Amino acid sequence: MNSIPSLEEIQSLEEALHRPEPRRSREAVGALLAEGFVEFGASGTVYDRAAVLDLLMQESGTEGEFRTANYVLKPISNDAVLLTYETERSYRDGSRRCVLRSSVWKHDGLRWQMLFHQGTIRS
């Protein structure tokens, strides 16, 4: 792998994980998450690939409005990139939660897959 992907390419893959249709498909999410995937959740919980797949299949899809902003892509090797961005979820009760997010995407020779994700609540 010698070509760094565009911000648009990696952002599109990341945003697929935000949309209800792919999130409800074990196959779709499984294709996006690398073997060995780890997430440090905004709650402080550490999730592995299997746990994320199981949790996403249980989601109700009624969590409120979700917005993303300020995407930045940085190469970290010839086959890996770091994507950072911010999210804001607005809930029906009027509350909202802002999270700083980072994801490491790695090319496995065939496709880009997320290897690591972290969400940190922004106060």
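Owing to the predicted nature of the structure, the values given are computational and were not obtained by experimental measurement.
Side-chain contact between Asp79 and Asp108 is absent, with no heavy atoms from C-beta onward closer than 4.5 Å. Counting only heavy atoms from C-beta outward, the side chains of Val46 and Glu39 never approach each other to under 4.5 Å. Side-chain contact between Val81 and Val104 is absent, with no heavy atoms from C-beta onward closer than 4.5 Å.
Closest approach of Pro22 and Ala28 over heavy atoms only: O-CB, 3.8 Å.
Taking CD1 of Ile121 as the reference point, atom CZ of Arg97 lies at 4.5 Å (rounded to 0.5 Å). Remark: Glu27 CD to Ser25 OG distance equals 5.5 Å, nearest 0.5 Å. Remark: Thr84 OG1 to Gln118 CD distance equals 12.0 Å, nearest 0.5 Å. Here the straight-line distance linking atom CZ of Arg111 with atom CH2 of Trp105 works out to 10.5 Å at 0.5 Å rounding. Atom OG of residue Ser102 and atom CD of residue Glu86 lie 12.0 Å apart, to the nearest 0.5 angstrom. Summarising the geometry, atom CG belonging to Asn78 is positioned 7.0 Å from atom CD1 belonging to Ile4; distances are rounded to the nearest 0.5 Å.
Ring-plane geometry between His107 and Trp112 is classed as perpendicular, the angle between the planes exceeding 60 degrees on a 0 to 90 degree scale with a lower cut at 30.
Using modelled atom types, one finds no donor on one side chain facing an acceptor on the other under 3.5 Å when comparing Arg96 with Ser90. Between the side chains of Glu15 and Tyr71, at least one donor N or O sits under 3.5 Å from an acceptor N or O. For the residue pair Ser103 / Glu14, a side-chain donor-acceptor distance below 3.5 Å is found, with atom types taken as modelled.
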Go through the steps to decide whether Arg89 and Glu65 satisfy the test salt bridge (charged side-chain N to carboxylate O under 4.0 Å, His left out), and finish with yes or no.
CA-CA 6 Å; Arg89 186 174 298 279; Glu65 186 179 345; over 6 Å; no

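Checked against the 6.0 Å centroid threshold, Phe40 and Tyr47 do not count as a close aromatic pair.
In this structure a side-chain-to-backbone donor-acceptor pair under 3.5 Å is present from Arg49 to Gly30. One N or O on the side chain of Arg23 and one on the backbone of Leu17 form a donor-acceptor pair closer than 3.5 Å.
Within a 6.0 Å radius of CZ in Arg26, other residues, nucleotides and ligands contribute more than 12 heavy atoms.
In the hydrophobic cluster analysis, where Ile, Leu, Val, Met, Phe, Trp and Tyr join through side-chain heavy atoms closer than 4.5 angstrom, Phe66 is grouped apart from Val99. Clustering ILVMFWY residues whenever any of their side-chain heavy atoms sit less than 4.5 angstrom apart, transitively, puts Phe37 in the very cluster that holds Met57. Cluster membership check: Met114 does not share its hydrophobic cluster with Val38, using side-chain heavy-atom separations under 4.5 Å among Ile, Leu, Val, Met, Phe, Trp and Tyr. Note on Leu32 and Val52: same hydrophobic cluster, where clusters join Ile, Leu, Val, Met, Phe, Trp and Tyr whose side-chain heavy atoms are under 4.5 Å apart, directly or indirectly. Under a hydrophobic-cluster definition in which Ile, Leu, Val, Met, Phe, Trp and Tyr are linked whenever side-chain heavy atoms come within less than 4.5 Å, directly or via other members, Tyr85 and Leu33 are assigned to the same cluster.
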